[in-house]
Amino acid sequence: MDRTFTEHLLQWYDANRRDLPWRSNPEPYGVWISEIMAQQTQMERVVAYWRRWMERYPDLGSLAAASEEEVLKVWEGLGYYSRAKNIRKAAELILTDHAGVFPDEIKQIQALPGIGAYTAGAIASIAFNKVAPAVDANVLRVFARLLDIAEPVKAAKVKQEVEQAVLPLIPEKRPGDFNQALMEFGAMICSKRPDCDQCPMSQHCAAFANGTTGERPVLPRKRKAIHIEMATGVLVYNDKVLIQKRKPDDVWPGLWEFPGGCVEKGETPREALVREYMEEVELEIYPAEKITVVSYSYTKYRVTMHCYLCHSANNGQLKPVFNEAVTGQFVSPESLSSYAFPAGHRRLIECMLDEAWFDNLK
DNA sequence: AACACGTGGAT
DNA sequence: TATCCAAGTGT
């Protein structure tokens with residue numbers, strides 16, 4: 001590998017780069033937001049969220065002034081919600097510790113919450129023109145082929161090796177473009193199924209020369225998915241529905257949901273729901289009609305969620321006690337759109353919007 | 001080092 | 001349909 005590699009790659013990039021909105025003006029705040037959103041997320045999905053975010057929070061000040069509740073709502077649907085919380089925390093830290101100016105030293109950048117080695121290198125190179133590697137999964141895959149690396153690419157040792165290989169290739173004039181070129185090349189040409197016929201870099205590629213392209217990168221073996229059945233209930237009372245806010249240090253911390261839980265062995269979903277309502281909110285309910293079944297997945301779980309319209313078994317005032325949530329409340333159907341829900345519950349809400357009984361609530 | 005953390009697109 | 005996995009970080 002030598003400097004001709006850099007030239008070839010930048011030539012390819014200049015001719016093929018995607019038109020991403022933050023690229024027209026790579027200032028630190030916008031680049032930072034784009035990089036956090038892009039973590040474990042396909043770039044095409046990021047664009048709409050980024051535009052909405054920048055409209056809502058055009059600068060650090062407006063972001064630091066926002067509540068966590070509000071930020072989670074803007075993030076709703078992107079997943080990995082700690083990213084949104086860390087962005088807000090980091091904004092506060094930049095205001096207090098850096099006089100409101102985004103730090104340009106890589107160590108200071110990486111010290112901010114939610115920013116690791118990759119993101120720090122990406123921001124430093126793209127927004128501040130610093131020569132710093134930004135090794136993401138694309139770059140690891142590309143170099144596993146370029147160097148024909150036979151060890152698992154996720155090993156810390158391989159990542160260091162790749163960082164060392166990348167560093168001398170980064171051009172002083174265009175470090176940010178080079179890092180983005182490497183990632184974009186990995187995403188578009190040197191992807192999971194590489195397009196070696198069209199590859200402008202094959203002359204530099206050891207795996208191509210050795211005929212091992214299909215065996216690189218070496219990946220860890222997969223964990224198997226766990227299937228679970230869940231029951232969820234929409235309790236209607238005085239034309240309002242009960243929602244609760246999930247606890248921190250659990251999945252979906254800070255997001256809202258309808259009460260419910262796992263269907264245990266030997267239980268029907270309806271039985272599980274009655275039990276869960278008693279355990280979670282100390283209310284005696286009965287499930288009426290089945291609204292829908294939502295299938296979704298998160299991390300290693302594949303969930304089948306049975307959803308019921310529920311009523312109270314008692315007359316008179318309902319006083320839920322929130323044993324498994326930070327808080328909760330009865331809210332009007334139309335106000336559901338202002339709370340952040342996990343994707344599965346959001347799909348349940350979408351489904352209810354088509355139902356007459358839901359429409360008839362005041 | 002290994003696992004948790006979300007979601008939806010691709011195959 | 002099932003599985004992979006995408007501009008990773010924190011613990």
Side-chain angles (χ1 to χ4, degrees), chain A residues 13 17-18 20 22-23 26 31-50 72 75-87 89-90 109-127 132-142 151-159 162 166 176-188 190-193 217 219-227 246 248-255 257 294-304 340-347:
Chain A
Y13 183 64
R17 62 192 285 169
R18 287 179 285 191
L20 300 170
W22 49 90
R23 285 184 172 166
V31 170
W32 169 44
I33 300 302
S34 76
E35 287 299 338
I36 302 297
M37 286 184 169
Q39 292 171 4
Q40 300 290 283
T41 305
Q42 292 175 336
M43 212 40 121
E44 280 70 19
R45 281 199 76 210
V46 169
V47 173
Y49 278 91
W50 186 86
L72 284 174
W75 203 268
E76 184 186 36
L78 260 189
Y80 288 141
Y81 296 93
S82 64
R83 292 185 290 175
K85 297 180 188 182
N86 281 333
I87 285 177
K89 277 186 221 154
I109 298 173
Q110 193 169 342
L112 295 168
I115 298 183
Y118 160 75
T119 306
I123 295 172
S125 62
I126 297 169
V135 176
D136 76 331
N138 285 305
V139 179
L140 280 177
R141 184 177 58 254
V142 169
E151 295 152 277
V153 283
K154 298 198 90 177
K157 182 185 158 219
V158 172
K159 195 171 174 193
V162 171
V166 170
D177 281 349
F178 176 80
N179 282 335
Q180 292 179 90
L182 220 39
M183 294 187 275
E184 196 126 321
F185 171 72
M188 300 182 72
C190 196
S191 57
K192 186 179 177 186
R193 286 182 51 181
L219 297 169
R221 56 170 149 284
K222 57 180 161 77
R223 288 166 306 179
K224 53 179 182 289
I226 299 169
H227 291 259
R246 294 187 60 90
D249 306 319
D250 200 356
V251 68
W252 300 301
L255 273 69
E257 65 173 6
V294 175
S295 297
Y296 65 97
S297 58
Y298 69 96
T299 65
K300 62 182 177 181
Y301 298 100
R302 306 289 170 271
V303 182
T304 304
F341 287 85
H345 286 248
R346 180 51 65 193
R347 279 169 56 194

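Everything numeric in this text was worked out from a predicted model, so none of it was measured. Lettering follows sequence order; numbering is per chain, from 1.
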Separation of C/dA2 P from A/His227 NE2 (nearest whole Å): 6 Å
Protein-nucleotide distance (A/Lys157, atom NZ; B/dA1, atom C1'), rounded to Å: 15 Å
Identify the pairs formed between an N or O of the protein and an N or O of nucleotides 9-11 of chain C at a distance under 3.5 Å, and give each distance.
unit_1	atom_1	unit_2	atom_2	d
C/dT9	OP1	A/Gly116	N	2.8
C/dT9	OP1	A/Gly116	O	3.4
C/dT9	OP1	A/Thr119	N	3.1
C/dT9	OP1	A/Thr119	OG1	2.8
C/dG10	OP1	A/Gly114	N	2.4

Sugar-phosphate only, base, or nothing, as touched by A/Lys224 at under 4.0 Å among non-hydrogen atoms: nothing
Sequence-distant partners of A/Tyr49, ring-ring contact (aromatic ring centres under 6.0 Å, His included), two or more places apart: none
For A/Pro113, side chain to side chain contact (heavy atoms under 4.5 Å, CB included) partners two or more places apart: A/Asn86, A/Lys89, A/Ala90, A/Leu93
Non-neighbouring partners of A/Ala187 that pass side chain to side chain contact (heavy atoms under 4.5 Å, CB included), sequence neighbours left out: A/Arg18, A/Asn138
Nearest-0.5 Å distance, CD1 of residue A/Ile126 to CH2 of residue A/Trp22: 9.5 Å
Contacting residues from residues 78-85 of chain A, given that a heavy atom lies under 4.0 angstrom of DNA chain B: A/Leu78, A/Gly79, A/Tyr80, A/Tyr81
Under-4.0 Å side-chain N/O to phosphate OP1/OP2 contact, A/Trp75 with B/dC5: no
Nearest-0.5 Å distance that lies between atom CG in A/Leu78 and atom CG in A/Leu72: 11.5 Å
Separation of atom CG in A/Asn138 from atom C1' in C/dA6, rounded to whole Å: 8 Å
Lys/Arg N to Asp/Glu carboxylate O, A/Glu184 vs A/Arg17, below 4.0 Å: no
Whole-Å distance separating the CD atom of A/Glu184 from the P atom of C/dA7: 9 Å
Atom-pair distance (CD1 on A/Ile36; C1' on C/dA7), nearest Å: 11 Å
Touch class at under 4.0 angstrom, heavy-atom based, for A/Arg23 against every strand present: base
A/Glu76 CD - B/dT7 P separation (whole Å): 9 Å
Protein-nucleotides 8-11 of chain B N/O pairs closer than 3.5 Å?
unit_1	atom_1	unit_2	atom_2	d
B/dG9	O4'	A/Gln42	OE1	3.3

Touch class at under 4.0 angstrom, heavy-atom based, for A/Ile126 against every strand present: nothing
Test side-chain hydrogen bond (donor to acceptor under 3.5 Å, both in side chains) applied to A/Asp177 - qualifying residues, sequence neighbours left out: A/Arg174
Gap in Å between the two P atoms, one belonging to B/dT11 and one to C/dA7, rounded: 13 Å
From CD (A/Gln40) to OH (A/Tyr80), nearest 0.5 Å: 5.0 Å
Residues in side chain to side chain contact (heavy atoms under 4.5 Å, CB included) contact with A/Pro217, at least two apart in sequence or another chain: A/Arg141, A/Ala144, A/Arg145, A/Val153, A/Leu219
Touch class at under 4.0 angstrom, heavy-atom based, for A/Ala122 against every strand present: nothing
Closest to side chain of A/Arg302, choosing from C/dA7, C/dT3, B/dG6: C/dT3
Any A/Arg346 side-chain nitrogen or oxygen under 4.0 Å from OP1 or OP2 of B/dT7: no
Donor/acceptor link under 3.5 angstrom from A/Arg18 side chain onto base of C/dA7: yes
Any residue meeting side-chain hydrogen bond (donor to acceptor under 3.5 Å, both in side chains) with A/Tyr118, in chain and number order, not counting sequence neighbours: A/Glu35
Separation of the P atoms in C/dT11 and B/dG6, to the nearest angstrom: 14 Å
Set of residues satisfying side-chain hydrogen bond (donor to acceptor under 3.5 Å, both in side chains) with respect to A/Arg83, sequence neighbours excluded: A/Thr41
Residues which pass side chain to side chain contact (heavy atoms under 4.5 Å, CB included) with A/Arg347, listed by chain and number, not counting sequence neighbours: A/Val294, A/Tyr296
Sugar-phosphate only, base, or nothing, as touched by A/Ala225 at under 4.0 Å among non-hydrogen atoms: nothing
Any residue meeting ring-ring contact (aromatic ring centres under 6.0 Å, His included) with A/Tyr301, in chain and number order, not counting sequence neighbours: A/Tyr298
Whole angstrom value for the distance that separates C1' of C/dA6 from CE of A/Met37: 16 Å
N or O in side chain of A/Lys300 less than 4.0 angstrom from B/dA4 OP1/OP2: yes
Whole-Å gap separating P (B/dA4) and CG (A/Asp250): 13 Å
